[in-house]
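Just the heavy atoms: all of them, side chains too, but no hydrogens, waters or symmetry mates, feed the values below. In this chain, residues are counted from 1 in sequence order. Because the structure is predicted, anything quoted here is derived from the model rather than measured.
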Amino acid sequence: MTATRTPRATPAAAPVKGPAPDGAGRLRRIRPLTLPAGVLLLALLPYSAVEIPVLLDGPVNSPGSLQLFALCIVFGGLALGYDLMFGRTGLLSFGHALYIAGGAYGTQLAMAELGLGLVPAALLTVVLGTLAAVVLGAISLRTLALGSVGFAMVTLAFAQAGSIYVERNPGGLTGGEEGLPLHVEGVPAALVGVQNTVHIYWLALGYLVLVAAVVWTVTARPVGRVWQGIRDNEQRVAVLGRSPFAYKLGAFTLASALAVLGGVLHLLVTAGATPHTSTPEFTLTLLVMVVLGGSGTRWGPVVGGVLFTYLDQRLGGWNLGVEPMLVLGALFVLAVYAAPGGITALGRRRRS
């Protein structure tokens, strides 16, 4: 009797790692270099004398063009910081302008009234503004028991109170409707004068890089995933043992601190503190920028802030025969219909 030999099981073949899809490997190697290359390109922009008719009134490196670029970049950073609350955490605040105005007026008054230089004045303003954000944020977030509308209304009330205070010009401190010109005695000479516009442009670019680094780093960490969970389902986050109030207060405080610093840059770029930065309408403008570019996305708020600011500044000089804000509003409506998820959603839709 011969023993039957059972066939030996052959091991499963290991998956063969073939070449990456056409261009995919190359794309992965290029992407990490895109951001540094873009920042380097923007940093070298003042060395370009290229003229772009219609889009710019002068060469790229002319003081007027650099001032426009700096303003667009600052608003890109402000919109990205605001989206930390709105797009990442789901907090609709109508009082964000209060902290931007606080950064501008606080720095200006610290230089003019206390005799501080720009850097100490800015640091003092950011610290005090952050402390104020902790207090006012805690008060505003307590109203979330009434729903998100309660939070929006309380932040609106704080912003309106700050705007009224600025317009009434108590003790001549705020300049009323005319605002305050930049106290140049406290500003380094390298940041004063038309010939030094390039230095202000580089400061604005540095602010945008800082905001992007902070927002993208924090949202990539576990706290960012908790913020996303709060935006999607706050009750589930609470069931998992996390405190939604503490995380929302953290997002509110961080976004407000970045706004205070942005107010300092706005003061330098516009060479003065203007009462418009304290109004709730200013916050509404930031909201429009975020929605226009794409809330909760990596680049959306930056794109929306830069594009909105550029059009807002340039439409008036194109002699279109109609009110520039009417044209801007129509363009915004068209953009919302064409790209409900924001301008940056168009790229994602094309790739899919």
Test of understanding: clusters of I, L, V, M, F, W, Y form through side-chain heavy atoms closer than 4.5 Å, transitively. Do [X] and [Y] belong to the same one?
X: Leu44; Y: Ile52; result: yes
X: Leu92; Y: Leu98; result: yes
X: Val198; Y: Leu41; result: no

Per-pair distances, 0.1 Å, donor-acceptor, side chain in residues 69-79, under 3.5 Å, sequence neighbours excluded:
none

If we only count heavy atoms from C-beta on, is the [X] to [Y] side-chain gap below 4.5 Å?
X: Leu258; Y: Val215; value: yes
X: Leu124; Y: Leu114; value: yes
X: Tyr201; Y: Leu42; value: yes
X: His96; Y: Met85; value: yes
X: Ile100; Y: Leu286; value: yes
X: Tyr310; Y: Leu315; value: no
X: Asn61; Y: Tyr47; value: no
X: Val154; Y: Leu136; value: no

Nearest atoms (heavy-atom pairs only) where [X] meets [Y]:
X: Leu180; Y: Leu173; result: CD1-O, 3.0 Å
X: Pro59; Y: Ala49; result: CB-O, 3.7 Å
X: Val260; Y: Thr125; result: CG1-O, 3.7 Å
X: Phe151; Y: Ser140; result: CD1-O, 3.5 Å
X: Gly81; Y: Ala255; result: O-CB, 3.4 Å
X: Gly305; Y: Met289; result: CA-SD, 3.6 Å

In Å and rounded to the nearest 0.5 Å, what is the [atom1] to [atom2] distance from [X] to [Y]?
X: Asn233; Y: Gln228; atom1: CG; atom2: CD; value: 12.0 Å
X: Ser295; Y: Arg88; atom1: OG; atom2: CZ; value: 9.5 Å
X: Asn196; Y: Leu203; atom1: CG; atom2: CG; value: 11.0 Å

Exercise for the section: Please write out which residues are connected to Val127 in a hydrophobic cluster, directly or through intermediates, given that two of Ile, Leu, Val, Met, Phe, Trp, Tyr count as joined at side-chain heavy-atom separations below 4.5 angstrom. Expected result: Leu131
Exercise for the section: Using atom types as modelled and distance alone, determine if a side-chain donor or acceptor of Gln108 lies under 3.5 Å from a backbone N or O of His183. Expected result: yes
Exercise for the section: For the residue pair Tyr82 and Phe86, categorise the inter-ring angle as parallel (less than 30°), tilted (30 to 60°) or perpendicular (more than 60°). Expected result: parallel
Practice task
Please step through side chain to side chain contact (heavy atoms under 4.5 Å, CB included) for the pair Val214 and Val211, ending with a clear verdict.
Solution key: CA-CA 5 Å; Val214 171; Val211 174; 5.9 Å; no
Problem - Atom CD of Gln195 with >12 non-hydrogen neighbours under 6.0 angstrom - result: yes
Exercise for the section: Give a yes or no on this: more than 12 heavy atoms of other residues, nucleotides or ligands lie within 6.0 Å of atom CZ of Arg314. Expected result: yes
Problem - Criterion side chain to side chain contact (heavy atoms under 4.5 Å, CB included) on Phe252 and Tyr99, from CA distance to verdict - result: CA-CA 11 Å; Phe252 183 91; Tyr99 304 97; 3.5 Å; yes
Exercise for the section: Please lay out, stage by stage, how Phe94 and Gln160 fare under the test side chain to side chain contact (heavy atoms under 4.5 Å, CB included). Expected result: CA-CA 9 Å; Phe94 286 127; Gln160 192 64 47; over 6 Å; no
Exercise for the section: Any chance you could lay out the side chain to side chain contact (heavy atoms under 4.5 Å, CB included) test for Gln67 and Ile200, step after step, and finish with the verdict? Expected result: CA-CA 8 Å; Gln67 200 269 347; Ile200 296 178; over 6 Å; no
Exercise for the section: Would you tell me whether Ser65 and Ser62 have side-chain atoms, one donor and one acceptor, within less than 3.5 Å of each other? Expected result: yes
